[in-house]
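Written below as structure tokens is the structure these notes are about.
Here the structure is a predicted model, which is why all the values come from computation and not from measurement. Below, chain A is the first sequence line, B the second, and so on; all start at residue 1.
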Protein chains: 2
Amino acid sequence: MPEAHNLGDMMDRIRALLTVIEEGSVNRAAVRLRITQPALSRQMQALENELGGKLLEREPSGVKPTGLGHALVKSMRPLVESYDTALSELRRQARGERSELRVGYLLSAAQSMLTPALAKLRKSLPEVKLKLHDMSPREQIDGLRAGELDLALIGQEGVAAASEFHSTKLCSLHVCVAVADSDPIAARKSIALKELKGRDFIGVDEDQVPGRNRWSTALCKSAGFKPRFAVVVDGITNVLSQVVSESAVTLLPGYFARLQHPGVTFVPVSDEKARWDFIVLWQKGRASTATRALVDALRQVAATQR
Amino acid sequence: MPEAHNLGDMMDRIRALLTVIEEGSVNRAAVRLRITQPALSRQMQALENELGGKLLEREPSGVKPTGLGHALVKSMRPLVESYDTALSELRRQARGERSELRVGYLLSAAQSMLTPALAKLRKSLPEVKLKLHDMSPREQIDGLRAGELDLALIGQEGVAAASEFHSTKLCSLHVCVAVADSDPIAARKSIALKELKGRDFIGVDEDQVPGRNRWSTALCKSAGFKPRFAVVVDGITNVLSQVVSESAVTLLPGYFARLQHPGVTFVPVSDEKARWDFIVLWQKGRASTATRALVDALRQVAATQR
DNA sequence: TGCCGTTATGCCGGAAGCGCATAACCTCGG
DNA sequence: CCGAGGTTATGCGCTTCCGGCATAACGGCA
């Protein structure tokens, strides 16, 4: 019998040793494990070779653990249990039975849709453990990539990353332009994109809100001009104060019109091409029942809010 | 390629998956792991079959973890680390490098020998982590059997269990008989065992102090009579008070003569056969350097105290 | 002494797993 | 458009691993 250097499954070997020590007999343990005594005897030898020391004292009436055998029992028993539990949970998840659902969203953008959708989910799957995280689009994308989120509600910023995950579009919002109250445009009922040619635009840090500037640029290009970003700020909330202090403009999805911001007026853009998509992203691989249920609920809510 | 149902080593497979996800490529991970890409590809497939779900999304430019893949990374990475650490420690112990030493002893019996032996040990192996446990002989034997002690200092009570462990005799004590101060024997310089024939003996609970009564019985038998145990008490300390209140006697190892007990006198037994052995027991299998060092130190101390 | 329990080990055959070669796909540069 | 270079999947053949069967050796007990 050559010296074993590849050892079947070490965990199974360790489990077998636990059984042998419990029975105090290789033979009786073999019966329990439904293998023959010689196979089990060899497994024990292989384990001893792998660890470099005797685990069992062999006697005519059975076996007794050595000091090393006792130490292995002590350190490995909890480990084997944790391992089995983790594997079991992973198998459940593979079957779609994961009961935890980690959702990322930006509150101001997602609340009107997420709240009713979560109510539906709670009604249909009450045992689901929800973990809700209010975070920026960048954090959402990173969270999905790192496997820390199961699902993200995200706007146009998630479109570029959509191919990395499962995605579905929930709705397409109108776009408005934000201007200072004192701006002549503020009195308008709506405005065409081309009328913004020559105005200063406020951009946002591409790191925090990925794709926002590119989206604005693409829209203006379709209207025949390239926007000049006078200032680039590091967050959405700073955009509006800069619009006022710089007498500039910025393009925003229509849900901003619902937010009151002192000194700022939101004027709808009339161009039909000016749309802001709102999407949901979730991890590739088999989605859990909970994930699918939430995606469905979001679809239904979006359909009724059209 | 038949469907894999026995999976080599699951831990190695999981480790390989962690590498694949880290590299984002089966090919580059295979290079790192020093196996070919096809072998690694199959390992990933085998793992997916075992778990019942896809762990990796395959793309022309490499692989990306699915939601299940992410979940596996999260739950298994700490487990793999703990497992590797535990195996590593077991291998060290197998080589005799265990740095922890759990010692059981009965303080009153062992102190005069243990204290100087521990001083020697601390000098020769200062990094050893000692765990000292004052416990009854029964607890000592149980602790060894359960693998909770590495070494026990024990008297005659350990002799019957000695074959289960490594053992060595440290010394052999004289025996004395304990009597009440008012007893005529109390004025004797020494006494022969046969002179105790007809006296009431006090026994101890065999469960707490295994073998004590059998030892007394054997000694008396060698002197031609069988002792009658008038009372059996549940601990060594209660023996002496019963000696007084029952006007009885009991045989004890000579170290008791060093202890002051009100109303009790200890008279040496003159029979040469009346001996009390003091032994050290340690676990079977390869003993650690620390265990061997302590056994050696105890031997040296016993030799100087002769 | 014989029987029954124990563990270890030789021999054999089947299963597992790896390497090599190849197929298929995608991306990029000329 | 084509070729080069990257990727992953899979067929085939060979080697290694491992379990079952049979047997040897030992100890305990009636």
Side-chain angles (χ1 to χ4, degrees), chain A residues 1-50 53-66 69 160 163-164 284-285, chain B residues 1-50 53-66 69 160 163-164 284-285:
Chain A
M1 177 76 166
E3 181 173 289
H5 67 277
N6 181 16
L7 206 53
D9 191 61
M10 271 290 278
M11 278 295 188
D12 281 345
R13 296 291 156 75
I14 290 165
R15 257 191 229 101
L17 178 72
L18 297 182
T19 303
V20 167
I21 287 173
E22 194 178 308
E23 289 284 341
S25 154
V26 172
N27 201 47
R28 289 199 300 275
V31 171
R32 242 177 85 182
L33 295 168
R34 296 199 192 81
I35 57 174
T36 61
Q37 174 268 323
L40 186 54
S41 181
R42 289 202 180 91
Q43 285 184 13
M44 297 302 100
Q45 287 177 5
L47 204 39
E48 285 173 326
N49 288 340
E50 183 66 25
K54 288 183 69 174
L55 296 161
L56 300 169
E57 284 295 328
R58 276 77 166 176
E59 302 172 349
S61 56
V63 293
K64 285 204 164 64
T66 60
S163 65
E164 299 177 48
K284 290 213 167 179
Chain B
M1 181 76 172
E3 182 173 287
H5 67 279
N6 181 18
L7 209 52
D9 190 61
M10 271 290 276
M11 278 294 187
D12 281 344
R13 296 291 156 76
I14 290 166
R15 255 189 232 103
L17 179 71
L18 296 182
T19 303
V20 166
I21 288 174
E22 194 178 310
E23 289 284 341
S25 155
V26 172
N27 201 47
R28 289 200 299 277
V31 170
R32 244 178 83 182
L33 295 168
R34 296 199 194 81
I35 58 173
T36 62
Q37 175 268 324
L40 186 54
S41 181
R42 289 200 180 91
Q43 287 184 12
M44 297 302 100
Q45 286 177 5
L47 204 40
E48 285 174 325
N49 287 340
E50 182 67 26
K54 288 183 70 173
L55 295 162
L56 300 170
E57 284 294 330
R58 275 78 166 176
E59 301 171 350
S61 56
V63 293
K64 285 203 162 65
T66 62
S163 64
E164 299 178 50
K284 290 212 168 183

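Distance A:M44 CE to D:dG19 P: 10 Å, rounded to the nearest Å. When rounded to the nearest whole Å, the span between CG of A:N49 and P of D:dC18 equals 12 Å. Look at NZ on A:K64: it is 14 Å from P on C:dT6, rounded to the nearest Å. If you take CD1 of A:I35 and C1' of D:dG20, they are 11 Å apart, rounded to a whole angstrom. B:Q43 has its CD atom 14 Å from the P atom of D:dT8, to the nearest Å. When the P atom of D:dT7 is taken as reference, atom CD of B:E57 falls 18 Å away, rounded to whole Å. In this structure, the CG atom of A:D9 is 14 Å from the C1' atom of D:dC18, given to the nearest Å. One interatomic measurement links the two molecules: CG of A:L47 to C1' of C:dA8, which rounds to 17 Å at whole-angstrom precision.
Salt-bridge formation is not detected for the pair B:E50/B:R13: no Lys NZ or Arg NE/NH1/NH2 atom is positioned less than 4.0 Å from an Asp or Glu carboxylate oxygen. Using a 4.0 Å cut-off between a side-chain N of Lys or Arg and a carboxylate O of Asp or Glu, B:R32 and B:E23 qualify as a salt bridge.
Of the side-chain N and O atoms in B:S61, none sit less than 4.0 angstrom from OP1 or OP2 of D:dT7. For the pair B:Q45 and D:dT8, the criterion of a side-chain N or O lying under 4.0 Å from OP1 or OP2 is not met.
Rounded to the nearest 0.5 angstrom, A:R34 CZ and A:L40 CG are separated by 14.0 Å. The distance from atom OG1 of A:T36 to atom CG of A:N27, rounded to the nearest 0.5 Å, is 9.5 Å. For the atom pair A:K284 NZ and A:E164 CD, the distance stands at 9.0 Å (nearest 0.5 Å). Rounding to the nearest 0.5 Å gives a distance of 12.5 Å between CG of B:L17 and CG of B:D12. Considering OG1 of A:T66 and NZ of A:K54, their distance stands at 8.0 Å, rounded to 0.5 Å. Separating the CG atom in B:L47 from the CE atom in B:M44 is a distance of 5.5 Å, to the nearest 0.5 Å.
Remark: side-chain polar atoms of B:E48 are paired, donor with acceptor, to backbone N or O of B:L55 under 3.5 angstrom.
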Could you go over nucleotides 20-26 of chain C and give all protein N or O partners under 3.5 Å, atom names and distances?
none

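Taken residue by residue, residues 21-30 of chain A places heavy atoms nearer than 4.0 Å to DNA chain C at A:S25, A:V26, A:N27, A:R28.
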